[in-house]
Amino acid sequence: MIKQILHDHIIEALDKLKYVHDKDFTVEIPNNTEFGDYSTNAAMVLSKTNKMAPKDMATALIKELKKNKNFKKIEIAGPGFINFFLAPGFYHQVAWDIYEQDLEFGKSEHGKEEKILLEFVSANPTGPLNIVSARAAAFGDTLYRIMKYVGYAPAREFYINDAGNQVDILAESLELRLREIQGEKIGDFPYEAYHGEYVKQLAQKLNSTEGVRIFMMTEKDRIDHLKEFALSELLEMQRSSLEKFGVVFEGWVSEKTLRMEGVVEEVLSYLTEADCTYEKDDAIWFCSTKYGDDKDRVLMKSDGSITYFVPDLAYHLTKIQRGYTQLIDIFGPDHHGYVPRLKAAFKALNYDDNMLEIIFLQQVNLFESGERVKMSKRAGKIVTMDDLVSVVGKDAARYFFIARKANAHLNFDLELALKRNNENPVYYCQYAHARICSILKKAKKDKLMPKAFKADMMTKLTKPEELAIIQKIADLPEMLVAIADYREPHRLANYVEELAAMLHKYYAKYQISNPKSKDISQARLLLIDAVRKIFVISFELMGISTPEKM
RNA sequence: GCGCCAGUAGCUCAGUAGGAUAGAGCAGCAGCCUUCUAAGCUGCGGGUCAGGGGUUCGAAUCCCUUCUGGCGUGCCA
């Protein structure tokens, strides 16, 4: 919030001096405290258009800005930076503001209720969710929460691929396991089939309820029945895993349903009308190369069935029809070859392909005792999302997934996630919050807590650490906006870690609650209570709990 | 071959969208609990930001190029 206030002050001064400000300048917290509490590059950025030397412009700006009593000192430095040193009174006022805004602090209308659709996880309903899905879930959900907090109107959706080839294979795998249970010799289990234990368990369940009746159906009915059974079981499994992880979707969109609604034919006809389909080798192709793709793509295979692309495109078009103006897809690392054809289709159908935004999450490697845990979905050797959550807990899992930026590989150290000391950032941060709660509780017992905090109690906060903490918490609103706009939730995890470090250090250096000096204690209690609120807000945005005692 | 992503301290990673002397945690070493939670804190060492060019007041950040690693390059999804 301070950055915004300073930015406003600078704009005011620029207007008063009749300087043009056509370019964006920044207000930053310099990494070296000698350069002030905040600094701006305004004079350097705007000097050219105003035909002035940066230093002259800075000097004039400073003269104007000095009229404001929020500043203790303003300096010109280097090639034209303006460095601000803030008056303690200004910090106190800001801190009081934050305190009063309570758990609403940082909320804004920045997003102007823009409808944004976040599609993530969208795993095949052919097995339990794996850890890449878990990463996607943590990332997408956190982004959703933050976007909503800063005024966007986002929605979370899960696209169910319940109509393709993979589902056929799933049904076949299930049938084989069922025959096996009923005593048939099935020989080698096919390579392509799903080898996971869960298929056997599904077969057991089906066998116990329906047994041999399955094989009295016609083949078509049997396959359909097996598909339906497996899909509903596995979808429920996935839904429940996600819920346990704190992730709830506004929408679950079924490919099968879309197909039944005829959208596939619609899309084919749109593309044909737009004159970008042709027939070759008994298949129907989309000439995506006209719109930037590497090669043309098949829409309808020579056997008359449709490729994955067509209903998926149809699904994306329904998002637009439902009024979303920005479509964010969060994909796994193995899908980037898919994007050009989607974008090409948008262009071919005269939609702005910038509406479609793809975020790629890189792969997750699990490490145990320094060894990489190898996984193979086909062979059924996977560590599932449920496994992970039950071992390390929801909090640690979500934190570890959020704390890395999307397009970097993530090494997940299982032992580290389980550690209960300062090596483990989750505990480090949660402990900072618990520590505050504990101090507040103790203060109440010692009768040091005032009935109600008042703004003028702040004036006792004079230590540099105290002002630095205020500076840090005041930064939350701008940071959340940046996180939403740049789609980078990992920055919230970093922020919380930094704030936790400041709190722990402050605690170690100063006695916060001290019966010998009531005034200072109250000021400090007020400050840490404000910090506590920041932790509550931040953790809630990450979907991580805030224990009051640890 | 082509495309996408990555390469920052011994390890895991940040680096506020071009800013000032590149930061944290871990690991290593040395310290701190009759006092609000030691799940914490303090100090010390550690760098050719993969290499090389360029753009400008200024580059880890932008452009070109080389190298290394991951992934993709199906009428799979």
Side-chain angles (χ1 to χ4, degrees), chain A residues 3 26-32 34-35 39 41 44-45 47 54 77-81 83 122-124 126 161 164-167 169 192 255 281-285 294-295 297-303 305-309 312 332-340 360 362-363 365 367 370 403-411 413 416 419-425 427-428 430-432 434-443 445-446 448 475 478-479 482-483 485-486 488 490-491 493-495 497-498 501 503-515 521 524-525 528 549-550:
Chain A
K3 282 180 188 165
T26 58
V27 177
E28 293 176 356
I29 300 174
N31 42 29
N32 188 335
E34 279 174 38
F35 298 138
S39 86
N41 59 0
M44 288 182 291
V45 173
S47 60
F81 287 104
N83 297 337
S122 294
N124 276 334
T126 51
N161 304 133
N165 220 343
Q166 298 303 322
V167 181
I169 297 171
E192 278 294 315
E255 178 186 349
D281 303 332
D282 297 325
I284 298 175
W285 295 70
D294 292 350
K295 53 181 81 164
R297 307 291 172 173
V298 171
L299 299 169
M300 187 182 281
K301 306 178 211 170
S302 50
D303 67 2
S305 67
I306 223 100
T307 57
Y308 170 81
F309 173 56
D312 189 42
D334 50 346
H335 279 63
H336 56 245
Y338 183 66
V339 175
F360 287 103
Q362 292 302 316
Q363 70 187 70
N365 297 319
F367 281 83
R404 297 276 170 267
K405 60 184 172 196
N407 51 15
H409 289 217
L410 191 152
N411 290 333
D413 184 335
L416 179 60
K419 278 188 183 162
R420 315 189 103 228
N421 59 28
N422 60 357
E423 288 175 45
N424 184 343
Y427 284 94
Y428 183 81
Q430 286 181 320
Y431 182 48
R435 181 167 251 174
I436 291 173
C437 292
S438 156
I439 298 168
L440 293 173
K441 211 167 143 192
K442 177 79 167 29
K445 220 170 92 190
D446 294 345
L448 278 168
D475 206 28
E478 284 93 345
M479 198 198 45
I483 289 174
D485 289 353
Y486 294 108
E488 290 185 338
H490 75 275
R491 287 169 54 176
N494 287 326
Y495 173 84
E497 243 177 283
E498 285 161 14
L503 190 277
H504 286 310
K505 284 172 192 178
Y506 180 57
Y507 168 88
K509 188 164 175 185
Y510 301 102
Q511 189 169 357
I512 292 166
S513 180
N514 184 352
S521 296
R524 290 179 175 172
L525 290 166
I528 64 164
K549 220 170 33 179
M550 292 173 74

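Labels below follow one simple rule: chain letters A, B, ... track the order of the sequence lines, proteins then strands, and each chain is numbered from 1.
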For this session: Walk me through it: do Leu299(A) and Arg297(A) pass the test side chain to side chain contact (heavy atoms under 4.5 Å, CB included)?
Result: CA-CA 6 Å; Leu299(A) 299 169; Arg297(A) 307 291 172 173; 5.8 Å; no
Problem set entry | Residues forming a salt bridge (Lys or Arg N to Asp or Glu O under 4.0 Å) with Lys441(A), sequence neighbours excluded | none
Problem set entry | Set of salt bridge (Lys or Arg N to Asp or Glu O under 4.0 Å) partners for Asp413(A), sequence neighbours left out |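 With neighbours one apart ignored, the set is empty.
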Problem set entry | All side-chain hydrogen bond (donor to acceptor under 3.5 Å, both in side chains) counterparts of His504(A), not counting sequence neighbours |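 In terms of side-chain hydrogen bond (donor to acceptor under 3.5 Å, both in side chains), with neighbours along the sequence ignored, His504(A) is linked to Arg435(A).
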May I ask you to evaluate whether [X] reaches the phosphate of [N], defined as a side-chain N or O under 4.0 Å from OP1 or OP2?
X         : N      : result
Lys301(A) : C76(B) : yes
Lys405(A) : G15(B) : yes
Asn124(A) : A77(B) : no
Arg435(A) : A38(B) : yes

With a non-hydrogen cut-off below 4.0 angstrom, is [X] in contact with a base, only sugar-phosphate, or nothing?
X         : value
Glu488(A) : base
Ala434(A) : base
Tyr495(A) : nothing
Tyr427(A) : base
Leu299(A) : nothing

Applying the Watson-Crick and G-U wobble criteria at under 3.5 Å, what pairs with [N]? Answer none if nothing qualifies.
N      : result
U55(B) : none
C4(B)  : G70(B)
A20(B) : none
A27(B) : none

Problem set entry | Partner residues of Tyr510(A) under the ring pair (Phe, Tyr, Trp, His ring centres under 6.0 Å) criterion, sequence neighbours left out | Tyr506(A)
Exercise. Strictly by modelled atom types, are Tyr495(A) and Asp475(A) linked by a side-chain donor-acceptor pair under 3.5 Å?
Worked result: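 Note: Tyr495(A) and Asp475(A) side chains miss the donor-acceptor criterion.
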Exercise. With a 3.5 Å cut-off and no angle check, do the side chains of Thr26(A) and Asn41(A) form a donor-acceptor pair?
Worked result: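 A pair is found: one side chain offers a donor N or O, the other an acceptor, under 3.5 Å apart.
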Problem set entry | Of Leu448(A), Ile528(A), Ile512(A), the residue whose pairing with Leu440(A) passes side chain to side chain contact (heavy atoms under 4.5 Å, CB included) | Ile528(A)
Return the value, rounded to whole Å, for the distance between atom [atom1] of [X] and atom [atom2] of [N].
X         : N      : atom1 : atom2 : answer
Asp446(A) : U35(B) : CG    : P     : 14 Å
Leu525(A) : C36(B) : CG    : C1'   : 9 Å
Asn494(A) : U16(B) : CG    : C1'   : 11 Å
His490(A) : A17(B) : NE2   : C1'   : 12 Å

Exercise. For every nucleotide of nucleotides 18-27 of chain B, 5' to 3': is a protein heavy atom under 4.0 Å from its base (B), only from its sugar-phosphate (S), or from neither (-)?
Worked result: -BBB----SS
Exercise. Can you give one letter per nucleotide of nucleotides 68-73 of chain B, 5' to 3': B if a protein heavy atom sits under 4.0 Å from the base, S if only from the sugar-phosphate, - if neither?
Worked result: --SBSS
For this session: Kindly compute the distance separating CD (Glu28(A)) from NZ (Lys3(A)), expressed to the nearest 0.5 Å.
Result: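 Answer for the CD-NZ pair, Glu28(A) versus Lys3(A), is 7.5 Å.
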